[in-house]
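Step one of this worksheet: look at the structure below.
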Amino acid sequence: MRRLPAVVTAALAATSLLSAPALAQPARGTKGQATLYELQSGGGNCSYPSRPAGDLYVALSPGEYAAAAACGGYLDVTGPKGTVRVKVVDQCPECQAGHIDLSRTAFARVADPAKGLVGVTYRPVANPKVGRPLSFRVKEGSSQWWLALLVIDHGNPLTSVEVKSAGGTWRKLARADFNYWIAESGAGQGPFSVRVTDTRGHRVTANGVRLSPAAVQRSTTKMY
């Protein structure tokens, strides 16, 4: 759960399911402003189990967060001191479009943290280097009758996640605004093949994902 800036009230992501919306990524070279905050635990509204390496992360306004469609993507943010690359892990509920919330570490790369608020330019990164294969986390409470699946380390934001049990057919999952992908009627006992598609048109399949709630399962499959 994130700790919002002093001017923002802490809020949890709603748990209603949403079909994957059109991705409202920041436009190329968006001029805006940045503040700073720190996650208290976990990975923010995107539900990642840990912070990104180096504590370089960002929270977006509701429109740019787009009900989790931006989760897992990266931005290059430029301010008075330089440029930093940050991972989208969170939503800033009261931020207006063009207002991003950087981790303290990331903010210090682009401006003096004592300023608290600074003008920046930011843009989405195409095919960022992640360096790790995909991993998956099955949410607590999942069973053969209800499945929630988190995809980690994909680089570009995702547009589609599908699962298939041995001998079955592909089942398209619905993204929730806390970034898990849901099969409301379940997908069987597994293990599953998981087919993942991103905003840049990459599509890969990882096999052998087990129905093991709360365990992060690292695959050998990379998006690109």
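We're numbering straight along the sequence, starting at 1.
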Calculate, to the nearest 0.5 Å, the distance between atoms [atom1] and [atom2] belonging to [X] and [Y] respectively.
| X | Y | atom1 | atom2 | result |
| --- | --- | --- | --- | --- |
| E162 | W181 | CD | CH2 | 9.5 Å |
| S212 | F136 | OG | CZ | 13.5 Å |
| R123 | K31 | CZ | NZ | 10.5 Å |
| R195 | N207 | CZ | CG | 11.5 Å |
| T221 | L134 | OG1 | CG | 6.5 Å |
| L117 | Q33 | CG | CD | 4.5 Å |

Nearest heavy-atom pair of [X] and [Y]: which atoms, and what distance?
| X | Y | value |
| --- | --- | --- |
| L36 | P113 | CD2-O, 4.2 Å |
| R109 | K81 | O-CB, 3.7 Å |
| G155 | P128 | O-CG, 3.5 Å |
| P157 | A70 | CG-O, 4.1 Å |
| V163 | A187 | CG2-CB, 3.7 Å |
| Q96 | S61 | O-CB, 3.5 Å |

Could you check whether any side-chain N or O of [X] sits under 3.5 Å from a backbone N or O of [Y], counting only pairs where one atom can act as donor and the other as acceptor?
| X | Y | result |
| --- | --- | --- |
| S142 | A148 | yes |
| N179 | C46 | yes |
| S47 | F178 | yes |
| Y48 | D153 | no |
| Y65 | N45 | yes |
| R218 | P133 | yes |
| D198 | G201 | yes |
| Q217 | R210 | yes |

Requested in this report: Quick one: do V204 and K222 satisfy side chain to side chain contact (heavy atoms under 4.5 Å, CB included)? Show the steps, please.
Outcome: CA-CA 8 Å; V204 297; K222 292 185 177 181; over 6 Å; no

Would you say [X] and [Y] make side-chain contact, with heavy atoms under 4.5 Å?
| X | Y | answer |
| --- | --- | --- |
| Y122 | T78 | no |
| V120 | I100 | yes |
| S165 | Q189 | no |
| S103 | E38 | no |
| T121 | T83 | no |
| L158 | V151 | yes |
| V194 | T205 | no |
| P49 | L150 | yes |

Query raised in the report: Going through the checks in order, is the side chain to side chain donor-acceptor pair (under 3.5 Å) test met by Y224 and R200?
Result: CA-CA 10 Å; Y224 45 82; R200 300 286 170 175; over 6 Å; no

Query raised in the report: Should S160 and T197 be marked as a side chain to side chain donor-acceptor pair (under 3.5 Å) after you check the CA-CA gap, both sets of side-chain angles, and the distance that decides it?
Result: CA-CA 5 Å; S160 174; T197 307; 4.6 Å; no

**Report entry** side chain to side chain donor-acceptor pair (under 3.5 Å) assessment of H99 paired with T35
**Finding:** CA-CA 8 Å; H99 179 177; T35 48; 2.9 Å; yes

Report task. Please say whether the positively charged group of K87, taken as NZ for Lys or CZ for Arg, lies over the ring of Y57, i.e. under 6.0 angstrom from the six-membered ring centre and within 45 degrees of the axis. Result ->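 No cation-pi geometry.
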
Requested in this report: Decide whether N127 and N156 meet the rule of one side-chain donor and one side-chain acceptor closer than 3.5 Å.
Outcome: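 Per modelled atom types, N127 and N156 side chains form a pair under 3.5 Å.
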
Query raised in the report: W145 and S185: side chain to side chain contact (heavy atoms under 4.5 Å, CB included), yes or no, with the steps?
Result: CA-CA 5 Å; W145 298 286; S185 57; over 6 Å; no

Report task. Begin from the C-alpha positions of V89 and V58 and carry the test side chain to side chain contact (heavy atoms under 4.5 Å, CB included) through to its verdict. Result -> CA-CA 6 Å; V89 302; V58 63; over 6 Å; no

Report task. Assess whether side chain to side chain contact (heavy atoms under 4.5 Å, CB included) is satisfied between V86 and L102, documenting all intermediate values. Result -> CA-CA 8 Å; V86 289; L102 294 171; 4.2 Å; yes

Requested in this report: Name all residues meeting the side-chain contact (heavy atoms from CB on, under 4.5 Å) criterion together with A183; count only those two or more places apart in sequence or in a different chain, and write none if there are none.
Outcome: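 Listed in chain order: L147, R171, L173.
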
Query - Counterpart residues, ring-ring contact (aromatic ring centres under 6.0 Å, His included), relative to F107 (two or more places apart) - result: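 ring-ring contact (aromatic ring centres under 6.0 Å, His included) check on F107 returns nothing, list empty.
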
Query raised in the report: Can you pull the salt bridge (Lys or Arg N to Asp or Glu O under 4.0 Å) pairs that have at least one residue in residues 49-58, sequence neighbours excluded?
Result: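 Passing the test, one end in residues 49-58: R51-D55.
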
